[in-house]
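None of the values given here were measured: they were computed from a predicted structure. Note: hydrogens, waters and symmetry copies are ignored here, and every other heavy atom, side chains too, is used.
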Amino acid sequence: EITWRDWSSDVCSSDLCVVKGRAVARLRLSSLARMKVHVQRGESGALKRLGRIHMTVFDPDGRRVVGFLVKRPDVAGMVKRSDRFITLDALEQRGDDLVVTDKRQGTGAAAQRRLGLDWDRCIMWLGMDARTTEGKRLGLVSDAEIVRETGQVVNFFVGDGVVAETLVGALPIPVGMLRGCSKSCMVVDPAAAKLAPSGGVAARAGEGYAKAKVQGSRVAKKVDAQASKAVAKGSKALGRQLGKTRGTWQIGRASCRERV
């Protein structure tokens, strides 16, 4: 049983980074994608499935993960149910699943009040376009690496869809390069365009991001152009789906303030 704070004896050195002089455990948000979430029932502690991790919610500053939206199963397979907000600190990992440890203060409006969240200004970075302050488009925000204990972002990862990222890799952008959110886009320092990609075939070969991106895009078009385009389009739509509905259990419009 591993809680978000009980990490020291359960992670290897490759999962660690140094923050303010001490080693802390890192977590990639992609490792939680669609993970099952359960709640405990009564004193027996029996688990009831709540749903699956659907979207990641960042604080209004955009530099810390505060929780997740959990997609709940339809009622009788027909009636759609709205997503449920669960705070990061109310989740505990048990095997391959997550368990809500504090249903009363860790979910919904009560959790928002406890954290003092301005809900309408919270941000969902994953799926948004990323560009520099000079207007250069870098791709889509596909992942983030956070400090498991606090939710603080260490790096964002920007790419161009599944196929392109497999070939080219994703661009790791340190949180210090984040400049804000403008017009539904993540805005970063121009120096981010010069960073080297990681994780892809070209990245492992040591290619520069711009050169690798061009080569990867060409191959992606030949191999799986339509699939890559569909994934990228869907990812972008997910990141921008911020204001069609408002309510206690559904995310409202995330108001992004210009900080450039």
Min side-chain heavy-atom separation K48-L50 under 4.5 Å: no
Residue pair R179 / T133: nearest heavy atoms and the distance that separates them: CG-CG2, 4.0 Å
Residues in salt bridge (charged side-chain N to carboxylate O under 4.0 Å, His left out) contact with K80, at least two apart in sequence or another chain: D74
ILVMFWY cluster, V175 and M128 together (side-chain gap under 4.5 Å): yes
Electrostatic pair R114:D89 at N-O distance under 4.0 angstrom: yes
Results of side-chain contact (heavy atoms from CB on, under 4.5 Å) for N155 - residues two or more places apart only: E145, F157, P174
Nearest heavy atoms of R131 and C185, plus distance in Å: NE-CB, 4.0 Å
side-chain contact (heavy atoms from CB on, under 4.5 Å) involving V66 - partner list, sequence neighbours excluded: V57, D59, R64, F85, L115, L117
Taking every non-hydrogen atom, the tightest pair across S142 and G159: OG-N, 4.2 Å
Any side-chain heavy-atom pair of H38 and K36 under 4.5 Å: yes
Those residues that, when tested against R49, pass salt bridge (charged side-chain N to carboxylate O under 4.0 Å, His left out) (two or more places apart): none
Shared hydrophobic cluster for L29 and I123 (ILVMFWY, side-chain gaps under 4.5 Å): yes
Ring geometry between F156 and F58 (parallel below 30°, tilted from 30 to 60°, perpendicular above 60°): tilted
Minimum side-chain heavy-atom gap Q112-C122 below 4.5 Å: no
Taking every non-hydrogen atom, the tightest pair across A144 and L126: N-CD2, 4.4 Å
Considering all heavy atoms, the nearest D129-L140 contact: OD1-CD2, 3.2 Å
Non-hydrogen side-chain atoms of L91 and I86 separated by less than 4.5 Å: yes
Backbone N/O of G67 and side chain of T87: donor-acceptor pair under 3.5 Å: no
OG1 on T107 to CZ on R84, rounded to 0.5 Å: 4.0 Å
Flag if over 12 foreign heavy atoms under 6.0 Å of CG, D96: no
Distance, nearest 0.5 Å, that separates CG of D61 from CG of D118: 12.5 Å
Expected output: side-chain E149 to main-chain G151 donor-acceptor under 3.5 Å: no
Results of side-chain contact (heavy atoms from CB on, under 4.5 Å) for A191 - residues two or more places apart only: M177, D189
Salt bridge (charged side-chain N to carboxylate O under 4.0 Å, His left out) partners of R113, counting only residues at least two apart: none
Cluster check L27, M35: I/L/V/M/F/W/Y, side chain < 4.5 angstrom: yes
Side-chain touch L178/I173, heavy atoms, less than 4.5 angstrom: no
Heavy-atom check, side chain of V147 versus side chain of V154, under 4.5 Å: yes
Which atom of A193 lies closest to which atom of T132, heavy atoms considered: CB-CG2, 4.5 Å
Residue pair E92 / R94, side-chain heavy-atom distance below 4.5 Å: yes
Test item: V70 and R52 side chains (from C-beta on) under 4.5 Å apart, heavy atoms: no
